[in-house]
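Before any comments, here is the structure.
Lettering of chains follows the sequences in order, A, B, ..., and the numbering in each one begins at 1.
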2 protein chains.
Amino acid sequence: MEPKTNIWIEKDDKVVLSLWRVRLLEAIAETGSISAAASKMGVSYRRAWEKIQECEARLAVKLVDTQTGGSGGGGSSLTPEAVAYVDRFRKFTAGLDEFVSERFEKYFSDI
Amino acid sequence: MEPKTNIWIEKDDKVVLSLWRVRLLEAIAETGSISAAASKMGVSYRRAWEKIQECEARLAVKLVDTQTGGSGGGGSSLTPEAVAYVDRFRKFTAGLDEFVSERFEKYFSDI
DNA sequence: TATCGTTATGATATCACAGCATAACGGAAA
DNA sequence: TTTCCGTTATGCTGTGATATCATAACGATA
């Protein structure tokens with residue numbers, strides 16, 4: 001038995017940022033491409049790309065700069081706005097895991 | 001923009017208890033029937049019943065005592081084990097909303 | 001100019017879930 | 001005794017979301 005949590009931010013009842021989406025953005029920053037990030041996250045390029053579109057549309061902010069063609073085939077990187085959102089989100093959710101783990105230990109350690 | 005969270009407990013990568021399921025159990029306790037509880041939760045009886053079966057199977061514990069037929073058509077009530085699980089879960093998750101709200105205010109109040 | 005990996009999207013298959021339908025049950029009322 | 005009613009219990013079917021497949025466009029480099 002193990003505790004699990006999810007945390008996200010909604011706007012008009014729609015997800016604009018979530019733990020998963022922030023991880024995806026971080027993966028894009030690390031790998032330099034949506035394709036590699038999707039692979040790293042274990043999802044199809046298609047799905048990763050769609051989620052990014054969704055976030056951009058709902059936040060009304062460009063999050064990923066993309067380039068098609070070129071030496072490496074192209075690539076992607078985060079906009080300064082995306083970096084700021086990721087940073088904010090990470091600070092926002094910092095300590096959540098510890099909070100949950102401690103409480104789980106306290107009340108479910110015997111199971 | 002508003003923060004949202006979910007919290008649950010897994011066993012072998014499968015959900016055994018969650019905020020939603022605990023609310024369902026509480027609704028059964030309050031109303032005295034799965035049918036009324038499902039309606040209260042805004043889902044079909046079918047779905048409510050299935051989730052209870054799932055929890056019982058995965059926890060290997062009987063959670064709901066049911067009675068078919070009779071004056072009111074029958075009804076349901078929680079077993080002592082279920083009451084104990086609900087209580088534990090509520091204690092486990094107490095304070096989570098405040099934790100998240102505070103942090104959200106701190107880092108996203110301007111948006 | 002041919003190549004190659006990436007972005008960008010359409011088209012189709014698959015699957016969890018919602019909604020509908022129905023049988024069994026048994027106390028209460030007729 | 002027989003009918004009635006609301007609940008439990010479960011099968012069946014439609015549907016929307018998601019996964020998988022396929023393909024066009026792009027452009028620096030060799």
Side-chain angles (χ1 to χ4, degrees), chain A residues 4 6 8 10 12-16 18-21 23-59 61-79 82, chain B residues 4 6 8 10 12-16 18-21 23-59 61-79 82:
Chain A
K4 299 270 180 175
N6 192 16
W8 67 98
E10 291 189 4
D12 302 327
D13 293 325
K14 300 196 171 182
V15 179
V16 295
S18 70
L19 216 45
W20 189 89
R21 291 171 197 226
R23 276 196 218 111
L24 176 63
L25 289 175
E26 288 172 336
I28 292 171
E30 287 172 28
T31 62
S33 87
I34 298 175
S35 176
S39 164
K40 196 171 184 176
M41 297 287 291
V43 299
S44 65
Y45 170 86
R46 173 87 214 211
R47 181 166 159 73
W49 179 81
E50 272 178 348
K51 291 304 176 185
I52 292 165
Q53 298 304 308
E54 237 181 47
C55 289
E56 289 188 336
R58 291 173 184 173
L59 285 170
V61 166
K62 187 162 182 55
L63 297 172
V64 178
D65 278 325
T66 64
Q67 191 174 5
T68 70
S71 66
S76 301
S77 60
L78 300 190
T79 63
Chain B
K4 299 271 179 174
N6 192 17
W8 67 98
E10 291 189 4
D12 302 326
D13 292 325
K14 299 196 171 182
V15 179
V16 296
S18 71
L19 216 44
W20 189 88
R21 291 172 198 225
R23 276 196 219 111
L24 176 63
L25 290 175
E26 288 172 336
I28 292 171
E30 286 172 29
T31 62
S33 87
I34 297 175
S35 176
S39 164
K40 195 171 185 177
M41 296 288 290
V43 298
S44 64
Y45 169 87
R46 173 86 217 214
R47 181 166 159 74
W49 179 80
E50 272 178 348
K51 291 304 177 186
I52 293 166
Q53 299 303 308
E54 238 181 45
C55 290
E56 289 188 336
R58 291 174 183 173
L59 285 170
V61 166
K62 188 162 182 56
L63 296 172
V64 178
D65 278 325
T66 63
Q67 191 173 4
T68 70
S71 64
S76 301
S77 60
L78 300 191
T79 64

By nearest atom, which of the nucleotides [options] is closest to the [X] side chain?
X	options	result
Trp49(A)	dT7(C), dT20(D), dT9(C)	dT9(C)
Thr68(A)	dT20(D), dC26(D), dT8(D)	dC26(D)
Ser71(B)	dT29(D), dT8(D), dA28(C)	dA28(C)
Ser33(A)	dT6(C), dG19(C), dA9(D)	dT6(C)
Ile34(A)	dA8(C), dC20(C), dA28(C)	dA8(C)
Tyr45(B)	dT10(D), dT7(C), dT7(D)	dT10(D)

Considering non-hydrogen atoms only, spot the tightest contact between Lys51(A) and Leu24(A) and give its length.
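Looking at all heavy atoms of both residues, the shortest contact is CB-CD2, 4.5 Å.
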
Write down the distance between [atom1] ([X]) and [atom2] ([N]), rounded to a whole number of angstrom.
X	N	atom1	atom2	result
Arg46(A)	dA24(D)	CZ	P	16 Å
Trp20(A)	dT18(D)	CH2	P	11 Å
Asp65(A)	dT6(C)	CG	P	18 Å
Lys51(A)	dT9(C)	NZ	P	17 Å
Met41(B)	dA18(C)	CE	P	12 Å
Glu50(B)	dA18(C)	CD	P	9 Å
Gln67(A)	dT29(D)	CD	P	10 Å

Is a donor-acceptor pair below 3.5 Å formed from side chain Arg47(B) to base dG19(C), judging by atom type as modelled?
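Result: no qualifying N/O pair found.
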
Apply the salt bridge (Lys or Arg N to Asp or Glu O under 4.0 Å) test between Arg21(B) and each candidate in Glu50(B), Glu26(B), Glu54(B); give the one that qualifies.
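Among Glu50(B), Glu26(B), Glu54(B), the one that satisfies the salt bridge (Lys or Arg N to Asp or Glu O under 4.0 Å) with Arg21(B) is Glu54(B).
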
Does a side-chain N-to-carboxylate-O contact under 4.0 Å join Lys14(B) and Glu10(B)?
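Answer for the salt bridge query: no.
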
Can a donor-acceptor pair be found, under 3.5 Å and without considering hydrogens, that links the side chain of Lys40(A) to the backbone of Gly42(A)?
no

Using atom types as modelled and distance alone, determine if a side-chain donor or acceptor of Thr68(B) lies under 3.5 Å from a backbone N or O of Gly74(B).
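Answer holds: no.
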
Using a heavy-atom cut-off of 4.0 Å across all strands, would you classify Ser35(B) as base, sugar-phosphate, or nothing?
sugar-phosphate

Pick the closest DNA chain D nucleotide for Val43(A) and for Gly70(A) by heavy atoms, then say which residue is nearer the 5' end.
Val43(A)

